[in-house]
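These numbers come from a predicted model, not from an experiment. Every chain is numbered from 1, with letters handed out A, B, ... down the list of sequences.
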Amino acid sequence: MDHRLDIADSTDWIGTPLAPFQSLENALRCQVCKDFYDTPMITSCSHTFCSLCIRKALTSDGKCPACRASDQASKLRRNWAVQEIVDAFQAARPAALKVAQEHGSLKEGREGRRNKLKRGFQDTNPEDQEEELSFQSRKTRSQSRRAAAAASSQEVDDIMDGEEEHQPDDGLVPCPICNTRMKEEAVYAHLDRCDGQPSSQGRSTRSRSSATTLKPPPRQSLPQQLKATTPPSERIPQLSYSILKDNALRKKLQELGIASWGPRPLLIRRHTEWVNLYNSNCDSSRPRSKRELLAELETWERTQGGSAPNAGSAPAGVMRKEFDGQAWARSNHDHFEDLIAQARKKMIPTDAAKEDQTGDHATGTTQEPPDQDMGDKSKPATVNGERNTAPNGQISGSRDNPYEGNEEALSIIRKKVEAANNGHSTRRSSTEDEDVPMANALLPSEQARAEEMQDSIEPLSAPSRRSPLSPTRKKPMFSVPEEPVEDYETETQAH
Amino acid sequence: MATSVASKRLFTEYRHLTNDPPQGITAGPVTEDDIFIWEALIEGPEGTPFEGGVFPAELKFPKDYPLAPPTMKFTCDIWHPNVYPNGNVCISILHAPGDDPNHYEHASERWSPIQSVEKILISVMSMLAEPNDESPANIDAAKMWRERRGEYERRVRENVRRGLGL
């Protein structure tokens, strides 16, 4: 959010002597993205938008956003004049804005404007420009390119700007070395044998780069630029998705070199997005490399595509249908283990207190109700009703001396549990039992473990008792793990 | 943060609204972390029963904004034929051109990518002044507005006063 304040906006002119520039700037901005036109295209209905914006809008509903006339992407035409005006305005903007903001009075402002209009960049030194440009940090490619050009060789700026502004719109481009004008396709073949004067190289490289190229310093990027534009401007056709089977569609995506995973609707959306990105890049006078486009597609994937935070546009808080609980459990295994360990630590003192109590009061039946209450209070959602029935009374009666005479049974359980836990340290059987109900709700592996334990207990317990008690075994995750302690122990005792 | 087209445009709109707010309208993201949820404050238009009131609303933007419109929900009690009892605003500018559940809206009034938060809020403000009872969201309010205008205005004024804590 830090860059919010850096976004250049037409409202920057408000309060300066050049306030009318607000509407001028508004006219140079695309109505869809509200940014300066980037590769402006004109529709059949004569409205102008950024290439990418109008392509997206057309694939979305097939209508011009401004007048809602039906249109097709194939009917779009470049609007070079607007492109040039926008480039020129963007280049002039920082200086003009600075002048406007510095000169408080209207009179001075007028003067500044006249100066600006006459001289453009010439009267500012490189440091100033850099300052101004960085102040407006969301530069377009043309701006950063210009900044680089301005910083590297100030003296050619006026010539260069003039040249660029008056570049004949004849569809020809100058050779970067000898500056001969020729068809764009012919440049690469020509470059291989060109031996033009190096003296004109600096200037012409830049002007060439202004016609076709990338952000980095032009000379270095020349080979890259050639590579980037080598598959020259061949638009990707739209597909009629309805006649393509999933596999055919996947294959198309692979052929284009983009990701081909995900369900069919995602494939279609991704393909559409890529076609729009790619084709608008073809429209651009400064095409980017495929790598940059892929990076952009990746951004799309993260924000709107398959990797988006809630991909199915499912509202937050609702679990998606295809939610993979097992994978989630696996990936969060450590965290769950931690929580279990914490819960256990908390439980140990309670257990100790309970044991003390049972030691103090020889008659356990009097002590059972508060104990039971405690359990009920802390987990009102669990099914506990059965515990107050007849078998429960028997249980509580036999709970007085939990470990007396049961060492044999306990040791059997311990062994089985240990085997099932394979590797977990031996604990008191009470604590060991505690994680059973939690495990039931947590991990498949632990659930299996718990079931194994039940099996191991089964032969020890009376078969008739199992059914009334079984609900306590199927407790949800957040139940207090006291109950099963009673469960298994009493079961073994009953034996 | 990946700057998508949507968030970039929302930043621009926010900047624009901050620097040059329309009369009686304030809007901006609720938190710095999520540019896709905004809160807006709309003043009740003068000369209507809503006059003097300030109505908070929440705007939620889809990830493919501006291709798809945001949704708007008043977070206060508001009695109006075009506002659902739960606060959702039903106004043509917020409806994508594709679906016309109400079959009365002209395509030209519907959402289009060239619309903006500012235009939405201005439309809502004028909706407060002039309800559209052709396809009401709150039928009781629409009926009251049509048949018992006096009672409608009294109720709205009461709401306004309550909203201001008077």
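Dense packing is recorded around NZ of B/K119, with more than 12 heavy atoms of other residues, nucleotides or ligands lying under 6.0 Å away. The environment of B/I139 atom CD1 is sparse: at most 12 non-hydrogen atoms of other residues, nucleotides or ligands sit within 6.0 angstrom. Counting heavy atoms of neighbouring residues, nucleotides and ligands inside a 6.0 Å radius, atom CD of B/E147 exceeds 12 of them.
Side-chain contact between B/T12 and A/D35 is absent, with no heavy atoms from C-beta onward closer than 4.5 Å. With a 4.5 Å cut-off on side-chain heavy atoms, A/F49 and B/I114 count as touching. Contact of the B/V5 side chain with the A/K56 side chain is registered, since non-hydrogen atoms from C-beta on lie closer than 4.5 Å.
Formation of a donor-acceptor pair under 3.5 Å by the B/S112 side chain with backbone atoms of A/P65 is found in this model. B/R9 contributes no side-chain N or O that, together with a main-chain N or O of A/K34, makes up a donor-acceptor pair within less than 3.5 Å.
We find the NZ-SG distance between B/K8 and A/C33 to be 6.5 Å, quoted to the nearest 0.5 Å. Distance CD/A/Q31 to OG/B/S116: 9.5 Å, rounded to 0.5 Å. Note that the CH2 atom of A/W300 and the CG atom of B/D64 stand 10.5 Å from one another [nearest 0.5 Å].
Heavy atoms closer than 4.5 Å to chain B are found in the side chain of A/Q22, but not in its backbone.
Judged as a side chain to side chain contact (heavy atoms under 4.5 Å, CB included), and not counting sequence neighbours, the contacts of B/R146 are B/D133. Partners of A/D61 under the side-chain hydrogen bond (donor to acceptor under 3.5 Å, both in side chains) rule, at least two apart in sequence or in another chain, do not exist in this structure.
Contact between B/N19 and A/I14 at its shortest, heavy atoms only, is O-CD1, 4.2 Å. Nearest approach of A/V32 to B/P66, heavy atoms of both residues: O-CG, 3.6 Å. Closest approach of B/P113 and A/A57 over heavy atoms only: CG-CB, 4.4 Å. The heavy-atom pair separating B/R110 from A/R68 by the smallest distance is O-NH2, 2.6 Å.
With respect to A/D12 and B/R15, a salt bridge is recorded, a charged nitrogen being found less than 4.0 Å from a carboxylate O.
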